[in-house]
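Computed from a predicted model, the values in this text were never measured in an experiment.
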Amino acid sequence: MLLAYRAILCSPNFLFLSEPLGTRTGQPAALDDYAVAARLSYFLWSTVPDDELMELAAEGKLHEPAVLSAQVERLLADPRARRFTDNFAGQWLDLRKINETVPSPQL
């Protein structure tokens with residue numbers, strides 16, 4: 001069982017959101033509305049999509065530019081978007097360690 005758990009937890013398909021491949025081109029296929037809802041929510045809120053995103057996905061409306069733009073604005077205006085800024089600055093820019101470093105006076 002431990003080997004199976006290790007294999008699952010180390011699998012890129014478990015750790016990362018992977019793009020579905022098109023059958024003819026071998027290139028990433030267009031995302032459906034549920035995948036768009038998940039990408040938006042995990043990227044901007046670091047959590048699962050809320051009811052409004054899931055309803056729009058079920059209606060197939062998230063591919064409409066006006067709807068997508070409005071949802072991005074809504075998600076960014078929500079307090080949960082703070083997770084995005086914390087994670088972006090902390091992980092990608094490595095600012096979590098900013099207090100552990102000392103600027104060089106020569107630079």
Side-chain angles (χ1 to χ4, degrees):
M1 289 301 290
L2 291 176
L3 182 61
Y5 290 146
R6 185 178 301 142
I8 291 168
L9 293 173
C10 291
S11 169
N13 292 325
F14 178 79
L15 294 173
F16 303 105
L17 294 172
S18 59
E19 303 294 335
L21 295 179
T23 55
R24 291 189 174 159
T25 64
Q27 299 296 318
L31 297 175
D32 66 10
D33 285 88
Y34 290 104
V36 171
R39 298 285 196 291
L40 281 175
S41 185
Y42 281 111
F43 184 66
L44 298 176
W45 283 354
S46 301
T47 190
V48 297
D50 65 354
D51 291 339
E52 185 172 339
L53 276 175
M54 293 306 289
E55 288 172 15
L56 290 168
E59 296 169 5
K61 292 185 177 180
L62 280 179
H63 276 87
E64 297 174 15
V67 173
L68 183 59
S69 179
Q71 288 304 304
V72 169
E73 293 295 327
R74 181 182 72 83
L75 270 63
L76 287 172
D78 191 281
R80 289 174 277 193
R82 177 71 185 177
R83 296 177 195 163
F84 166 68
T85 54
D86 289 344
N87 288 335
F88 178 81
Q91 292 178 12
W92 291 3
L93 302 177
D94 211 18
L95 291 182
R96 290 183 179 150
K97 297 179 184 177
I98 193 74
N99 291 331
E100 300 172 14
T101 62
V102 178
S104 169
Q106 295 172 349
L107 293 177

- Message: Could you see if L31 belongs to whatever hydrophobic cluster contains W45? Use Ile, Leu, Val, Met, Phe, Trp, Tyr and a side-chain cutoff under 4.5 Å.
- Response: yes

- D78 side chain to A81 backbone, donor-acceptor under 3.5 Å: no

- Partner residues of E64 under the side chain to side chain donor-acceptor pair (under 3.5 Å) criterion, sequence neighbours left out: none

- Query: Got R74 and L53 here, is their nearest side-chain heavy-atom distance under 4.5 Å?
  - Reply: yes

- Message: How close do A37 and A57 get, counting heavy atoms only, and between which atoms?
- Response: CB-CB, 4.3 Å

- Query: If you round to the nearest 0.5 Å, how far is CD of E52 from CG of L75?
  - Reply: 8.5 Å

- Note on the structure: Residues A58 and Y34: closest non-hydrogen pair is CA-OH, 3.2 Å

- Hey, quick one: are V67 and M54 part of the same hydrophobic cluster, counting side-chain heavy atoms closer than 4.5 Å, chains of contacts allowed? no

- Query: Does H63 offer a backbone N or O that forms a donor-acceptor pair with the side chain of D33 under 3.5 Å?
  - Reply: yes

- Query: Quick one: CG on L76 to CZ on R82, what's the gap to the nearest 0.5 Å?
  - Reply: 13.5 Å

